[in-house]
Amino acid sequence: MSLDKILAISGKPGLYELKAQTRSGFIAESLADGKRMSISMRHNVSVLSEIAIYTYTEEVPLREVLSQIKEKANGEQTINHKESKEVLTSFFSEILPNYDTDRVYPSDIKKVIQWYNILQSKGLTDFSEVAQNASEEEE
């Protein structure tokens with residue numbers, strides 16, 4: 001499964017897998033507990049493959065940031081997303097040294113780290129562009 005099937009839904013914790021489209025929205029399954037829910041079009045939904053992190057020179061795709069975290073953590077879980085702001089920002093600046101500190105907030109860093117740990121716990125750690133393209137060809 002690639003990042004273009006993984007969703008972040010505002011107002012709902014964790015990550016979700018897109019299962020099916022409906023007339024009024026779609027069906028999503030929580031990666032945390034496997035529960036399925038109907039999500040209407042009124043919800044603000046982000047597909048992980050569409051997210052990028054601001055740096056001073058460009059926008060870095062989330063998959064590249066997740067790959068960097070995976071490399072630093074040797075494929076294992078990384079720091080807890082509930083660490084202090086200082087620990088989180090220090091960790092993130094090791095991953096992405098030139099991230100834009102004015103536009104990337106500690107809450108964004110917390111989300112990225114939490115998302116990585118959720119994906120890693122589910123064995124979804126192939127963040128390469130090849131994996132993204134392969135899943136697009138399957139559809």
Side-chain angles (χ1 to χ4, degrees):
M1 179 183 352
S2 68
L3 294 182
D4 50 343
K5 294 277 190 199
I6 307 294
L7 311 171
I9 303 169
S10 68
K12 302 206 178 289
L15 293 174
Y16 297 82
E17 179 184 355
L18 176 64
K19 286 297 188 181
Q21 298 254 185
T22 64
R23 281 184 292 155
S24 61
F26 54 90
I27 305 295
E29 181 179 296
S30 170
L31 290 181
D33 58 15
K35 290 183 181 174
R36 289 185 180 209
M37 63 182 72
S38 178
I39 304 298
S40 74
M41 291 298 194
R42 292 190 324 244
H43 283 88
N44 187 8
V45 177
S46 300
V47 180
L48 293 195
S49 63
E50 306 275 319
I51 297 174
I53 305 296
Y54 293 114
T55 66
Y56 291 115
T57 56
E58 63 184 337
E59 292 181 17
V60 177
L62 180 63
R63 65 177 167 69
E64 289 181 23
V65 175
L66 293 173
S67 292
Q68 293 283 63
I69 295 173
K70 177 184 173 185
E71 189 177 306
K72 181 167 175 53
N74 295 321
E76 301 298 319
Q77 293 274 307
T78 191
I79 66 171
N80 192 314
H81 67 280
K82 294 181 180 177
E83 293 284 349
S84 70
K85 175 182 149 187
E86 292 76 23
V87 171
L88 293 173
T89 54
S90 169
F91 175 80
F92 206 71
S93 56
E94 291 175 32
I95 300 302
L96 196 61
N98 62 340
Y99 80 93
D100 188 339
T101 56
D102 293 332
R103 297 197 292 177
V104 179
Y105 301 109
S107 59
D108 300 326
I109 295 170
K110 183 182 274 195
K111 270 191 247 178
V112 170
I113 291 171
Q114 181 182 25
W115 291 345
Y116 170 80
N117 284 331
I118 291 170
L119 293 169
Q120 192 280 334
S121 72
K122 295 295 179 186
L124 305 173
T125 58
D126 187 358
F127 306 120
S128 66
E129 206 162 352
V130 174
Q132 300 300 311
N133 294 337
S135 71
E136 290 169 8
E137 291 170 8
E138 288 174 8
E139 294 173 5

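Fair warning: this is a prediction, and the values are worked out from it, not measured in the lab.
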Residues T101 and Y56: side-chain donor-acceptor under 3.5 angstrom: yes

K111: side chain to side chain contact (heavy atoms under 4.5 Å, CB included) partners, not counting sequence neighbours: D108, W115

Y105, OH atom: more than 12 neighbouring heavy atoms under 6.0 Å: no

Gap separating the OG atom of S49 from the CZ atom of R63, nearest 0.5 angstrom: 9.5 Å

Hphob cluster co-occupancy, L7 + I118, side-chain heavy atoms under 4.5 angstrom: no

Same apolar cluster (I L V M F W Y, side chains within < 4.5 Å links), F26/L48: no

Heavy-atom side-chain proximity of L3 to L119 below 4.5 angstrom: yes

Parallel, tilted or perpendicular, as decided by the 30° and 60° cut-offs, for the rings of F92 and Y99: perpendicular

Distance, nearest 0.5 Å, that separates CZ of F91 from CD1 of I69: 5.0 Å

Pairwise distance CG(N80) to NZ(K110) - rounded to 0.5 angstrom: 9.0 Å

From I6 atom CD1 to S46 atom OG, the distance as rounded to the nearest 0.5 Å: 13.5 Å

Check: Q68 and L96 side chains under 4.5 Å, non-hydrogen atoms: no

Taking every non-hydrogen atom, the tightest pair across L88 and E83: CD1-O, 3.6 Å

Closest contact, heavy atoms only, V45 versus I39: CG2-CG2, 4.2 Å

Nearest heavy atoms of T125 and Q120, plus distance in Å: CG2-CA, 3.6 Å

E94 CD: over 12 foreign heavy atoms closer than 6.0 Å: yes

Steps toward side chain to side chain contact (heavy atoms under 4.5 Å, CB included) verdict (S121, Q77): CA-CA 7 Å; S121 72; Q77 293 274 307; 3.7 Å; yes

Non-hydrogen atoms of E64 and V60 that approach each other most closely: OE1-CG1, 3.5 Å

NZ-CG distance between K122 and L31, expressed to the nearest 0.5 angstrom: 6.5 Å

Single-linkage hydrophobic cluster Y116~I53, side-chain heavy atoms < 4.5 angstrom: yes

Side chain proximity check, N117 to T78, heavy atoms < 4.5 angstrom: yes

Donor-acceptor contact present, side-chain S93 to main-chain T89, <3.5 Å: yes

Nearest-0.5 Å distance that lies between atom CZ in R36 and atom CD in E17: 8.0 Å

Common cluster, V104/I113, ILVMFWY with side-chain heavy-atom separation under 4.5 Å: yes

Hphob cluster co-occupancy, L124 + V47, side-chain heavy atoms under 4.5 angstrom: no

